[in-house]
Amino acid sequence: MPSLSDLGQLPKRLVLGRPIRSDRAGESLLPKHLALPIFASDPLSSVAYATQEVLIVLTLAGTAFLFLAPWLAVGVVILLVTVVLSYRQVVRAYPSGGGDYEVAIKNHGRFAGLTVASALLVDYVLTVAVSVSAGTDNIISAFPALNEHRMAIALGLVAILAAANLRGLRESGKTFAVPTYLFITGIMVMIVTGLIRYFFTDDPVVAESAGWSITPEPGYENLAGLALVFFALRAFASGCTALTGVEAIANGVPAFRPPKGRNAATTLALMGGIAATMFAGVTALALLADVRYAEHPCDLEGFTNCETEPQRTVIAQLAAAVFGGDTSVGFFYVQAATALILVLAANTAFNGFPLLGNVLAQDRFMPRQLHTRGDKLAYSNGILLLAGAAILLIWAFDADVNRLIQMYIVGVFTSFSIGQWGMVRHWNRELRAETDQAVRRRIRRSQTINAVGGSLTSIVLLIIIVTKFTRGAWLVLLVMPVLFLLMRAINRHYSNVSEQLVPDTDARMLPSKVHAIVLVSKVHKPTLRALAFARATRPDVLTALTVNVDDAELRGLQSDWERYDIPVPLTVLESPYREITRPVVDYVKAIRRRSPRELVVVFVPQYVVGHWWENLLHNQSALRLRARLQFQPGVMITTVPWQLESSVGRDHDDGRRGGPAPGDLRRGITDDADVTPYG
């Protein structure tokens, strides 16, 4: 028969499965074919909304400036290739998994390292919020009736992702591999089919919105000069969402199978090539099919149901146009694969955030709990923290992609820029120590790649801040310094604690004498056991201490004390205001003042109950006493439990429920409930 403790573990086991031994950690390392869907699902999935974001900005001026889209797409592809090449240098030089954080802190110092860390932490939370919200949009594009359940769908998806990741890295990789490859296949087939139809047949691809016109937003009707440049840069910044998640592979190098650096670099190259091809193909197909997409649906002249129906995403419009309408198998395949990959793209953050949290915890910039592995060898606390933050963000912004995405990529390009310039300094240091000319040429080549990457990403970061500041980027720029200061404070706390815990001569010095105090409320079994334990320690002084809160009860206690002939004098503290904690604490303080080298040991008798409702029937004097006494130097608190029948055997596998067996109380079988008979 399973014990109550086993039944209490049942929900956890249903979610997580069986725990994994620590010595099997190497078995969770990833081959490249699983690492690609785990770490690259975010940049690959951004194909589903990067083109859409470019169109949203360009159509603010109607259709007059859609001719800029191909040039902007070329710029995004060039930037993506440059960043991928730059990160291939990072994973080879720093295979320990710190990514931009490690590069920054080793080459620029603590200030830059914490700036990168705060940027990445914010970006990981936004990755989950944006990806899940975009996935929800694509589900609704296929099934518009679900629009009223948008929030419930998004929050439920985050919970499912967290549960899947809590089961462990390898398990989540297998879960997410199939949808990622299905998405890549579906998008590639859609692009190739659409281009063949457009260029080689008499049946060109035409989007459902191709005949609609767009009403320009006020102020965008006649753009020229600097206003036009700013407008184009804003559209380019929106298209740079295609680069989100590229850094996750650099942060996740420890999860790869050996040789870790080379496998991570290969995976980066595969991810960059696939993402660039799909983004360019979707953008080209959207322009050839005359897709119309606006920030406000009712600006689309021809969209008659804009007040009651959501506009379909760009991917949904293309799939319907290429595969023969919104009832075709191809349409539902692409929509299902897109929704899945967008939801599962959050897995990049669910892997990157805990790994970064682990590194920060090791460096004492985050709580040590983020360094702890769970039952499945995953960093469970980091996963739960990320899920909670993403849920709050989705709820605050109503799972609205257009609102969330304005805060996106600020953190990404902050870490890109600082990391790439850190690599330039890294290669400078390597050059000073290297004399072999062939090696020096390789270092020079890597340094050039990182310098170009740093220059481009710094320019793009400036563009993003300027063009998106008033539309939501200000919030990220506010949160990042808060996280920075929080990490500084955590590090300062851990440093202070470490300094105070360094052994010195005082720590090894024996106390001059030991004064044991046993707290007494009644003469009963718990009190007598506490007295026996205190006497067994052979203290120099033993005091039985009670507090007088009721004269009649005190007289009864003194009478029982004499009747049982207890060989320890009973000391009474007067308490005219019926307090218990303060008189005891003052008594202990007085002992310490008289003899600072004297050790005071306070024995607190308690009885242990087995049901939650029994706790409500007893006061919690012991808790209050321990809470006050633990702040007194030179004072130890010893709890002496006495198990009542309801508590004995509740935490054992033999299923006993009929009370204590012979000898159980002497063996100390106990639960750890903090209920005291004192007071």
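Predicted, not measured: the structure shown is a model, and the values here were computed from it.
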Test side chain to side chain contact (heavy atoms under 4.5 Å, CB included) applied to Val604 and Leu629, step by step: CA-CA 11 Å; Val604 183; Leu629 290 172; 5.6 Å; no
Pair Phe365, Ile105 - check side chain to side chain contact (heavy atoms under 4.5 Å, CB included), show working. CA-CA 12 Å; Phe365 291 115; Ile105 205 164; 4.0 Å; yes
Where is the tightest heavy-atom contact between Lys522 and Thr527, given as atom of each residue plus distance? O-OG1, 2.8 Å
Going by heavy atoms in the side chains, are Tyr94 and Val253 under 4.5 Å from each other? no
Closest non-hydrogen atoms of Pro605 and Pro526, given as atom of the first, atom of the second and distance, are CB-O, 3.5 Å
Rounded to the nearest 0.5 Å, how far does CZ of Phe469 lie from CG of Leu475? 10.5 Å
Start with the C-alpha gap between Val601 and Thr537, add the side-chain angles, then the distance that decides, and say whether side chain to side chain contact (heavy atoms under 4.5 Å, CB included) holds. CA-CA 10 Å; Val601 183; Thr537 63; over 6 Å; no
Listed partners of Leu384 passing side chain to side chain contact (heavy atoms under 4.5 Å, CB included), at least two apart: Leu166
Atom CE of residue position Met636 - does it have more than 12 heavy atoms of other residues, nucleotides or ligands inside 6.0 Å? no
How many angstroms lie between atom CE of Met480 and atom CG of Leu121, to the nearest 0.5 angstrom? 10.0 Å
Does some side-chain heavy atom of Phe533 sit less than 4.5 Å from a side-chain heavy atom of Thr638? no
Closest non-hydrogen atom pair between Leu404 and Ala129, with its separation: CD1-O, 3.8 Å
Please name all residues satisfying side chain to side chain contact (heavy atoms under 4.5 Å, CB included) with Asn548, sequence neighbours left out, ordered by chain then number. Asp551, Leu554, Val572, Glu574
Minimum heavy-atom distance Val547-Ser575, with the two atoms named: CG1-CB, 3.6 Å
Considering only residues two or more places apart or on different chains, which pairs with a residue in residues 479-492 satisfy side-chain hydrogen bond (donor to acceptor under 3.5 Å, both in side chains)? Arg110-Asn491
If every non-hydrogen atom of Arg628 is compared with every non-hydrogen atom of Gln632, which pair is closest and at what distance? O-NE2, 3.8 Å
Measure from the side-chain N and O atoms of Asn165 to the backbone N and O of Leu161, and report whether any donor-acceptor pair falls under 3.5 Å. yes
Thr115 side chain to Phe111 backbone, donor-acceptor under 3.5 Å: yes
CD1 (Ile490) and CG (Leu485) are apart, to the nearest 0.5 Å, by 11.5 Å
Which heavy atom in Ala544 sits nearest to a heavy atom in Val520, and how many Å separate them? CB-CG2, 4.2 Å
Where the side chain of Trp395 meets the backbone of Met151, is there a donor-acceptor pair that is under 3.5 Å apart? no
Decide yes or no for Asp100 and Ile418: does some side-chain heavy atom of the first lie under 4.5 Å from some side-chain heavy atom of the second? no
For residues Val476 and Asp123, determine if any side-chain heavy atom of one lies less than 4.5 Å from a side-chain heavy atom of the other. no
Side-chain heavy-atom pair His515, Asp540 within 4.5 angstrom cut-off: no
Would you say Tyr101 and Asp363 make side-chain contact, with heavy atoms under 4.5 Å? yes
First locate atom CD1 of Ile591, then atom CD1 of Ile517, and finally report the distance between them rounded to the nearest 0.5 Å. 4.0 Å
Within the supplied structure, the quantity of interest is the number of heavy atoms (other residues, nucleotides, ligands) at a distance under 6.0 Å from Trp474 CH2; does it exceed 12? no
Measure from the side-chain N and O atoms of Asp560 to the backbone N and O of Val523, and report whether any donor-acceptor pair falls under 3.5 Å. no
Keeping the roles fixed (side chain from Ser131, backbone from Val128), state whether a donor-acceptor pair exists under 3.5 Å. no
Is there a side-chain contact between Arg626 and Thr639 in this structure, where contact means two heavy atoms from C-beta onward sitting under 4.5 Å apart? yes
Do Leu486 and Val482 have side-chain heavy atoms sitting under 4.5 Å apart? no
Would you indicate whether Arg538, at its atom CZ, is surrounded by more than 12 heavy atoms from other residues, nucleotides or ligands within a distance under 6.0 Å? no
Stepwise side chain to side chain contact (heavy atoms under 4.5 Å, CB included) check, Val585 with Arg582: CA-CA 5 Å; Val585 173; Arg582 184 186 295 274; 5.8 Å; no
